[in-house]
Structure formats: C-alpha cells, structure tokens
Enquirer: 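I have a structure here, written as structure tokens, and I will follow up with some questions on it.
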Amino acid sequence: MKLSQKAKNAVMIGSLCSISYFAVYIARNILSAVTPQMVEQGISEVYIGSISSLYFVFYAVGQLINGVIGDKIRAKWMISFGLFGAGVTNLLFSHLIATPALATLVYALTGFFLSMIYGPMTKVVSENTEPLHATRCSLGYTFASFFGSPTAGLLASFLAWQGVFAASSAVLFVMAAMGVLCFTLFERRGVVRYGQYKPTKKGVGNIGVLLRRQIVKFSLISILTGVVRTSVVFWLPTYISQFLGYSAKTSAKHFTAATLVISLTAFVAVFVYEKLGHNMDKTILMMFSCSAFFFAGTYFLRHPAVNLVCIVLAIMASNGAASMLWSRYCPSLRDTGMVSSATGFLDFLSYMAAAAANLIFANAVTSIGWKNLILVWLALMVLGVIISLPNKKRAVDETE
C-alpha cells in the first residue's frame with residue numbers, strides 16, 4: 001500500500017523524534033543501571049538517591065519552564081540544545097564524583113537540559129501530522145523511551161560505570177547535530193511548520209480550556225505513573241540485587257532483559273486501546289487494575305524468577321496507563337495551541353512525584369524494607385484504579 005505524503009511526513013518526523021528520545025532515555029537510565037557498580041565501589045545508596053532526586057527536581061522544574069518556552073521557540077533549537085547540554089553535563093559528572101556537591105549539581109543540570117526535549121517534540125508532532133499519525137509518532141518515541149532502559153543496562157553489563165557515562169554523552173552529541181541538520185531540511189521541504197495553532201484564550205482563560213479537557217484527572221495519572229515508570233524502574237537493579245539476591249553484574253543483565261520487555265508496553269497499550277473501541281478511560285482503568293494485581297503478586301510470591309516476572313508485569317501495566325497519557329491525551333490538545341505547555345506541566349508533576357518518591361524509597365529500603373515498599377507501590381496503583389473509575393464526563397477518543 002502506497003503511503004500518502006502526509007503519512008510519509010509523519011514517518012520522517014516520528015523517526016527523528018524517536019531516535020532523539022532514545023538518546024535521551026539512554027542518558028536518563030545510566031545512573032540507575034550503574035548504581036550496583038557504584039555501590040560496590042563504596043558510594044552509598046542514600047547519596048545516589050539524593051543525586052537522582054535533585055536530578056528529577058531539575059527535570060520537573062525544567063519541564064514546567066521549557067514547556068512554556070517550547071510553545072514559542074522552534075523545536076529544532078530547543079531539542080538540539082537540550083541534547084548537547086545534557087551530553088556535556090553527563091560527561092562531566094563521571095569526572096567530578098570525587099567532589100560530591102559539584103557532581104550532584106552537574107547531574108541535576110543534566111535533568112534540566114533533557115527537559116527541553118519532550119514538550120517541543122510533542123508539539124511539533126501534533127501540529128504537523130494528522131491525529132492518527134500523531135498517536136503513532138507518539139507511540140514511536142514512547143517505545144524509544146522504554147527501549148533506552150535496556151540499552152543502558154546493556155552498556156552497564158560491559159563497561160565500567162565511568163565508560164557508560166562517556167558512551168551516553170557521545171550518543172547525545174551525535175543526536176544534537178542530527179537534530180539541527182534534519183529539522184533544517186524538514187523546514188525547507190515544508191514537512192515541519194510552526195505556529196499553526198494558537199491558544200484561543202489568554203492568561204487564566206487557558207486554565208478553563210484545560211479543565212474542560214480533564215487536565216485534573218490526567219494530572220493525577222501523571223503523578224502515579226511517574227512514580228512507577230521513573231522511580232520504581234530506577235531502583236529495579238538494586239531491588240534485583242538486594243531483595244532477589246543476584247550479583248551486581250547479573251542484576252544489570254536481568255535489568256536489561258526486564259526493561260527490554262517493558263519497552264513493549266506502548267504497543268500493548270495501544271493494542272488494548274484499539275480493542276476497547278478507542279476508549280482511553282477503559283484502557284487506563286484496565287492498566288491500573290492489572291498493575292495492582294501484579295504488585296500484589298510481587299508481594300506474596302518470593303521465588304526470585306516469579307517475583308521478577310510479577311514486578312515487570314506490574315511496571316508494564318502502569319506504563320500502559322502512562323502511554324495513554326503521553327501518546328493519546330497530550331497530542332489531542334493540539335487545537336488548544338498549548339501542547340508543549342500542557343505536556344510540560346504534566347511531565348513536571350510526574351517528575352516532582354518521582355523526585356519525592358526516589359528520596360523516600362532510598363531511605364525506606366533501610367527503614368521499612370523492600371516488602372513493605374512493595375505494599376506502597378501496590379497502594380499507589382489501587383489509587384490509580386479509583387481515579388480511573390468511570391464518570392459522567394465524556395472520555396477523549398480518537399475522533400476528537
């Protein structure tokens with residue numbers, strides 16, 4: 001079947017965004033993947049937790065700031081500058097670890113630079129492709145984001161942790177250059193155009209528009225899924241090592257395999273979404289319910305292999321709800337002219353929640369233990385089920 005020109009344009013834009021986001025998620029998952037190695041070298045979990053928490057704070061605040069800026073500045077410059085800046089700070093971090101305060105600040109700046117990517121990327125996709133194509137493009141870079149975790153784990157399986165940071169920076173530098181070149185080409189060919197949609201209202205009027213589009217409900221979903229997709233996944237290698245009893249190297253390999261499976265979540269979520277008649281509310285409810293069920297299995301089933309399967313399925317189900325948020329809800333806001341701002345706000349909530357959770361989880365491991373921490377994760381998913389229960393408001397569907 002021959003693709004239309006609009007479909008071809010969507011493939012080009014989506015491919016560039018997906019590859020760029022793949023580089024972002026390699027960088028984002030490096031610290032998590034090498035944590036067992038760093039702990040073996042005497043760096044404490046609490047210190048690593050504080051580094052990651054500040055990173056999440058900078059990333060979250062950056063999403064809020066850069067999301068608004070992304071509605072005003074061309075995606076080409078926002079995305080490429082963010083990739084380049086993250087490459088610099090990512091590389092510096094591994095050389096400054098002997099100076100804890102400076103290393104922590106530098107790694108936090110990595111989070112701020114990476115926050116320049118997602119909002120503008122979602123905006124350029126939603127404004128330059130048809131709604132169905134936008135969902136598929138979003139699915140592509142959502143998949144790329146999940147696939148970044150096993151890639152980070154694979155690097156950690158073969159390289160010393162300092163080398164993993166260097167390899168990640170090299171990828172970011174290459175993608176920054178490719179971003180400038182490819183977006184420039186797309187602009188010249190008319191594949192990418194800017195400013196096609198403007199907010200219909202200004203100031204506080206925008207809040208009313210978003211409230212009618214269920215922004216409160218999706219804000220809560222962003223918070224809950226952010227804890228699981230970011231903080232729980234961050235501690236997964238340590239969980240595998242400490243709770244399930246595997247060595248650091250074996251944990252890295254299991255983390256790679258686990259996150260490779262998790263990377264399929266976006267496709268599973270869209271498949272379920274389409275089977276449920278493009279009903280996003282039903283899909284999210286099913287995903288939260290499944291996640292709660294599998295976290296319960298994680299609590300009760302102690303056999304290492306079975307336990308690992310359960311926690312992976314629990315994470316996948318939660319990420320399925322997140323996929324609906326990022327792949328369907330955010331692109332559906334294109335007619336508001338606030339895709340980047342709204343996406344940045346939702347991502348801000350997601351990572352502020354992850355930042356708080358990461359700090360709490362780091363201390364909880366030593367104070368209440370992994371078993372009780374699993375109950376906390378289970379409770380979050382039960383709350384997700386409650387939030388997702390049907391209401392009288394019309395769900396956003398594929399026709400909007």
Enquirer: Are the side chains of Cys290 and Met316 in contact, using a 4.5 Å heavy-atom criterion?
Expert: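 Result no, sub-4.5 Å side-chain heavy-atom pair not found.
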Enquirer: Can you get from Phe218 to Met286 by hopping between Ile, Leu, Val, Met, Phe, Trp and Tyr side chains that sit under 4.5 Å apart?
Expert: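 Each belongs to a different hydrophobic cluster.
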Enquirer: Report yes if the side chains of Val68 and Phe345 come closer than 4.5 Å at any heavy-atom pair, otherwise no.
Expert: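 They are not in contact (no side-chain heavy atoms under 4.5 Å apart), so the answer is no.
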Enquirer: Just by distance, do the side chain of Thr265 and the backbone of Ile262 share a donor-acceptor pair under 3.5 Å?
Expert: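 Answer holds: yes.
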Enquirer: Which atom names give the shortest non-hydrogen contact between Pro36 and Pro237, and what distance separates them?
Expert: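 What the structure gives for the nearest pair is CG-CB, 4.0 Å.
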Enquirer: Measuring from atom OH of Tyr55 to atom CZ of Phe58, what distance do you get when rounded to the nearest 0.5 angstrom?
Expert: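 Between Tyr55 OH and Phe58 CZ, I get 12.5 Å after rounding to 0.5 Å.
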Enquirer: What's the separation between atom CG in Leu109 and atom OG in Ser115, rounded to the nearest 0.5 Å?
Expert: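 These two atoms lie 10.5 Å from each other.
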Enquirer: Judged by atom type as modelled, is there a donor-acceptor pair below 3.5 Å linking the side chain of Lys371 to the main-chain atoms of Tyr299?
Expert: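 Pair found, side chain donor or acceptor close to backbone of Tyr299.
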Enquirer: Parallel, tilted or perpendicular: which one describes the rings of Tyr107 and Phe165, with boundaries at 30° and 60°?
Expert: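 Geometry flag for Phe165 against Tyr107: perpendicular rings.
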Enquirer: Does one hydrophobic cluster hold both Leu102 and Trp161, with members joined at side-chain heavy-atom distances below 4.5 Å?
Expert: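 Looking at the clustering, Trp161 is in the same group as Leu102.
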Enquirer: Could you tell me if the side chain of Lys217 sits less than 4.5 Å from the side chain of Tyr329, heavy atoms only?
Expert: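 No. Closest side-chain heavy atoms not under 4.5 Å.
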Enquirer: Under 4.5 Å between side-chain heavy atoms, hopping through other hydrophobics if needed: is there a path connecting Val174 to Leu91?
Expert: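 Unlinked, Val174 and Leu91 end up in two clusters.
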Enquirer: Is the number of heavy atoms from other residues, nucleotides or ligands within 6.0 Å of NZ (Lys275) greater than 12?
Expert: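 12 or below, so no.
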Enquirer: What are the two closest non-hydrogen atoms of Phe288 and Gly384, and how far apart are they?
Expert: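 That closest heavy-atom pairing would be CD1-O, 3.4 Å.
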Enquirer: At what distance, to the nearest 0.5 angstrom, does CD1 of Ile374 lie from OH of Tyr239?
Expert: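 Separation between the atoms: 3.5 Å.
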Enquirer: Side-chain contact, heavy-atom cut-off 4.5 Å: Phe295 with Leu380?
Expert: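 No, their side chains stay 4.5 Å or more apart.
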Enquirer: Show the numbers, then the answer: is there a side-chain contact (heavy atoms from CB on, under 4.5 Å) between Phe113 and Leu172?
Expert: CA-CA 11 Å; Phe113 284 120; Leu172 289 168; over 6 Å; no
Enquirer: Stepwise, does the side-chain contact (heavy atoms from CB on, under 4.5 Å) test hold for Arg74 with Met78?
Expert: CA-CA 7 Å; Arg74 292 189 172 190; Met78 287 286 289; over 6 Å; no
Enquirer: If you measure from CG on Asn66 to CZ on Phe81, what distance do you get to the nearest 0.5 Å?
Expert: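 It comes to 10.0 Å.
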Enquirer: Closest heavy-atom contact between Phe255 and Ala33?
Expert: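 That would be CE2-CB, 4.2 Å.
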Enquirer: CZ of Phe84 to CZ of Phe173: how many Å apart, nearest 0.5 Å?
Expert: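 Rounded to the nearest 0.5 Å, the CZ-CZ separation comes to 5.5 Å.
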Enquirer: Just by distance, do the side chain of Ser168 and the backbone of Val164 share a donor-acceptor pair under 3.5 Å?
Expert: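 No, Ser168 side chain to Val164 backbone: no donor-acceptor pair under 3.5 Å.
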Enquirer: Working note: Thr110 + Phe93, criterion side-chain contact (heavy atoms from CB on, under 4.5 Å); need CA distance, chi angles, decisive distance, verdict.
Expert: CA-CA 9 Å; Thr110 300; Phe93 170 75; 5.7 Å; no
Enquirer: Going by the rule ring-ring contact (aromatic ring centres under 6.0 Å, His included), which residues pair with Phe293 if we only count those two or more places apart in sequence or in a different chain?
Expert: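 Counting only residues at least two positions away or on another chain, Phe293 forms no ring-ring contact (aromatic ring centres under 6.0 Å, His included).
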Enquirer: Counting C-beta onward and ignoring hydrogens, is there a side-chain heavy-atom pair between Ile311 and Phe294 closer than 4.5 Å?
Expert: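 Contact flag for Ile311/Phe294 side chains = no.
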Enquirer: Answer whether the closest heavy-atom distance between the side chains of Leu378 and Val382 falls below 4.5 Å.
Expert: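 A side-chain contact exists here, since the closest heavy-atom pair is under 4.5 Å.
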Enquirer: Checking Ser80 side chain against Trp77 main chain: does a donor-acceptor pair fall under 3.5 Å?
Expert: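 A pair under 3.5 Å: no.
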Enquirer: Is the backbone of Arg302 close enough, under 3.5 Å, to the side chain of Asn307 for a donor and an acceptor to pair up by distance?
Expert: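 Not a single qualifying donor-acceptor pair exists.
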Enquirer: Verify the cluster assignment for Leu185 and Met178: are they in a single hydrophobic cluster under the rule of side-chain heavy atoms below 4.5 Å apart?
Expert: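 Not linked; separate clusters.
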Enquirer: Checking Ser318 side chain against Ala314 main chain: does a donor-acceptor pair fall under 3.5 Å?
Expert: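 Pair absent, no side-chain N/O of Ser318 close to backbone of Ala314.
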Enquirer: Using every non-hydrogen atom in the two residues, find where Leu83 and Ser20 come nearest and quote the distance to one decimal.
Expert: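 Heavy atoms only, the tightest pair is CD2-O, 4.1 Å.
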Enquirer: Between Thr343 and Lys123, is a side-chain hydrogen bond (donor to acceptor under 3.5 Å, both in side chains) present by the stated rule, with each step listed?
Expert: CA-CA 9 Å; Thr343 302; Lys123 181 180 177 66; over 6 Å; no
Enquirer: Hydrophobic cluster membership, with links at side-chain heavy-atom distances under 4.5 Å among I/L/V/M/F/W/Y: are Ile19 and Leu154 in one?
Expert: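 Result: no, two separate clusters.
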Enquirer: Identify the residue among Tyr59, Tyr25, Trp326 that makes a ring-ring contact (aromatic ring centres under 6.0 Å, His included) with Tyr118.
Expert: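 Running ring-ring contact (aromatic ring centres under 6.0 Å, His included) over Tyr59, Tyr25, Trp326 with Tyr118 returns exactly one hit, Trp326.
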Enquirer: So which atom in Pro304 and which in Leu244 form the shortest heavy-atom distance, rounded to 0.1 Å?
Expert: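 Closest pair (atom of Pro304, atom of Leu244, distance): O-CD1, 3.8 Å.
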Enquirer: Could you state the interatomic distance from CG (Leu181) to CZ (Phe186), rounded to the nearest 0.5 Å?
Expert: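 Nearest 0.5 Å value for the CG-CZ distance: 11.0 Å.
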Enquirer: Is the closest side-chain heavy-atom distance between Thr238 and Ile48 below 4.5 Å?
Expert: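 They are not in contact (no side-chain heavy atoms under 4.5 Å apart), so the answer is no.
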Enquirer: Thinking salt bridges, do Asp281 and Arg328 make one under a 4.0 Å N-O criterion?
Expert: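 A salt bridge is absent here (no side-chain N lies under 4.0 Å from a carboxylate O).
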Enquirer: Would Thr151 and Phe22 count as a side-chain contact (heavy atoms from CB on, under 4.5 Å) here? Give the steps.
Expert: CA-CA 9 Å; Thr151 303; Phe22 174 58; 3.3 Å; yes
Enquirer: Please name all residues satisfying side-chain contact (heavy atoms from CB on, under 4.5 Å) with Thr283, sequence neighbours left out, ordered by chain then number.
Expert: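 If we apply the side-chain contact (heavy atoms from CB on, under 4.5 Å) test to Thr283, skipping adjacent residues, the hits are Val272, Tyr273, Leu276, Met287, Met324.
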Enquirer: Is the backbone of Val180 close enough, under 3.5 Å, to the side chain of Thr184 for a donor and an acceptor to pair up by distance?
Expert: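 Flag set: sc Thr184 to bb Val180 pair under 3.5 Å.
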Enquirer: Atom OH of residue position Tyr47 - does it have more than 12 heavy atoms of other residues, nucleotides or ligands inside 6.0 Å?
Expert: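 Above 12, so yes.
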Enquirer: Below 4.5 Å, heavy atoms only, C-beta onward: do Ser219 and Leu346 meet side chain to side chain?
Expert: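 Yes, side chains in contact.
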Enquirer: Is it the case that over 12 heavy atoms from other parts of the model lie below 6.0 angstrom from the CE atom of Met38?
Expert: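 Yes, enclosed.
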Enquirer: If you compare all heavy atoms of Ala156 against all heavy atoms of Val34, which two are closest, and at what distance to 0.1 Å?
Expert: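 Where Ala156 meets Val34 most closely, the heavy atoms are CB-CG1, 4.1 Å.
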